[in-house]
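The structure appears right after this line, and notes come after that.
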Amino acid sequence: MKFLFYILLLSFPLQAARGQNKTDSIVFHGNIVNDGIANWYNSLEQDGSLPPHFIGIKNKPETTKYTNLHAGDIRFSIRCARGDTLVLSCSDFLTYPFSYKVEFIAHTPEPRDIHVRAYPATTGNWYYNGEKYKTGKLPPAKHLRSPALPGTYKHIQQDFESENFSESTLQLHTDQTFEQLSHGWSYDYGWTDYYTGKWEINKDTLICRVLPGLYPPLRQERYPGQVLSFHPGWIKNIQEAKERPPITKFLIRRRGLIASGYRKKKYKKVKTSAPKPEQLPHDTNTPTLTLFP
């Protein structure tokens, strides 16, 4: 009997170190909060459903499980040890290549908001996420100056016969920087691109030059204790910008912008009667944002 008592006494510290004792084991509860655009499919769906997410303990893949199997699910829970690093991730065809994950520490079982987004925070200011909008015309060429151009421009093209769809949003900022978020797919593949850089006017032509230095960091902490990272994120677009910076030219016309190239995609300017709710500044280097190399 005494021998068994010593065995149990010696095994207790080992179990405690592993976080298996009742005092250290907790059930963490979280809520997924979509800060902007969680996937490009939201541009077509009005319900704003989140793509599938996974929750698990870092470096313990056997603990990973689905968090939201049904549309509208935002709550999740997982049993873990107090102090464990948890990983909420999204790797789905609806977000690729902008898959993301958030790492955070489970201190208490109390519900906690975990913030996610697949694209830069600023896109929430101008990307019309399933919202209705109206388009307008630009001023006549003789009255056209740089201050008249900033705003949101939208291009949508759908071919029902070939089942091809392309959608692109171009945002010209007043500081002469731009952002462009484009999606497209057919029955067998899809693609997504995010570009940012500087724009200028040369006569009746708008010139957009992509600059790798203006891309947001791939790893950042916008909320204390929540490290958001993108994989592979903008790596392809950034690498492309470093090797051969893309330059896109648009003819400026009253009906909008006409992209150069054989397809000559037309971009119409969106009328904005009032600011979108919860707008974020174009400069994402806010005091609450910690950047990582």
Side-chain angles (χ1 to χ4, degrees), residues 19 26 28-40 42 50-61 63-64 67-68 74-78 80-92 95-127 129 173 177 179 181 192 194-196 211-239 241 276-293:
I26 63 173
F28 178 86
H29 296 271
N31 302 311
I32 305 175
V33 179
N34 181 8
D35 277 355
I37 306 171
N39 62 320
W40 55 257
N42 279 353
L50 289 170
H53 284 70
F54 302 88
I55 185 67
I57 301 173
K58 189 175 182 178
N59 299 326
K60 293 184 179 180
T63 65
T64 302
T67 63
N68 52 332
I74 61 170
R75 299 178 182 178
F76 65 91
S77 62
I78 183 173
C80 62
R82 191 185 304 272
D84 271 347
T85 298
L86 303 183
V87 181
L88 178 69
S89 60
C90 181
S91 182
D92 186 77
T95 59
Y96 184 84
F98 294 87
S99 302
Y100 55 85
K101 65 180 180 181
V102 184
E103 295 185 12
F104 54 94
I105 296 176
H107 294 292
T108 65
E110 282 73 24
R112 182 178 173 188
D113 290 342
I114 305 300
H115 298 261
V116 302
R117 71 168 187 270
Y119 304 104
T122 51
T123 56
N125 297 348
W126 48 264
Y127 186 83
N129 190 18
H173 296 287
T177 60
E179 295 178 89
L181 183 59
T192 302
Y194 171 79
Y195 295 112
T196 183
L211 300 176
L214 292 184
Y215 276 84
L218 295 176
R219 183 175 168 85
Q220 51 189 261
E221 183 178 2
R222 294 183 59 248
Y223 297 88
Q226 298 184 32
V227 179
L228 173 69
S229 57
F230 303 92
H231 52 97
W234 307 292
I235 294 177
K236 179 180 76 72
N237 293 138
I238 293 174
Q239 191 62 32
K276 294 184 69 176
E278 300 179 1
Q279 282 199 344
L280 296 171
H282 178 50
D283 180 11
T284 57
N285 294 295
T286 60
T288 59
L289 175 65
T290 303
L291 307 183
F292 295 84

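- Between Ile26 and Ala106, the shortest heavy-atom distance links the atoms CD1-O, 4.1 Å.
- Counting heavy atoms from C-beta outward, Val227 and Arg219 have side chains that approach closer than 4.5 Å.
- Nearest heavy-atom pair across Arg112 and Pro224 is NH2-O, 3.7 Å.
- The CD1 atom of Ile238 sits 10.0 Å away from the OH atom of Tyr194 when rounded to the nearest 0.5 Å.
- Atom OH of residue Tyr215 and atom CD of residue Glu179 lie 10.0 Å apart, to the nearest 0.5 angstrom.
- From Thr177, atom OG1 reaches atom CG of Leu214 across 7.0 Å, with rounding to the nearest 0.5 Å.
- Applying side chain to side chain contact (heavy atoms under 4.5 Å, CB included) to Cys80 and the options Leu86, Thr85, Ile55 leaves one that passes, Leu86.
- Annotation: the span from Ile57 atom CD1 to Asp84 atom CG amounts to 4.5 Å, rounded to 0.5 Å.
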*Hey, mind stepping through Leu228 and Val102 against side-chain contact (heavy atoms from CB on, under 4.5 Å) and telling me if it holds?*
CA-CA 4 Å; Leu228 173 69; Val102 184; 3.6 Å; yes
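- One N or O on the side chain of Arg82 and one on the backbone of His107 form a donor-acceptor pair closer than 3.5 Å.
- Between His29 and Pro109, the shortest heavy-atom contact is CD2-O, 3.4 Å.
- Between Phe76 and Phe28, the ring-plane angle classifies as tilted under the 30° and 60° cut-offs.
- To the nearest 0.5 Å, atoms CD1 (Ile235) and CG (Leu218) are separated by 5.5 Å.
- The two residues Asp113 and Gln226 have their closest heavy-atom pair at O-NE2, 2.9 Å.
- Residues His53 and Tyr100 have side chains in contact (heavy-atom distance under 4.5 Å, counting atoms from C-beta outward).
- Scanning all heavy atoms of the two residues, the minimum distance from Glu103 to Val87 falls at CG-CG2, 3.9 Å.
- Minimum heavy-atom separation, Gln220 to Phe230: NE2-CE1, 4.1 Å.
- How far CG of Leu181 is from OG1 of Thr196: 11.5 Å, rounded to the nearest 0.5 Å.
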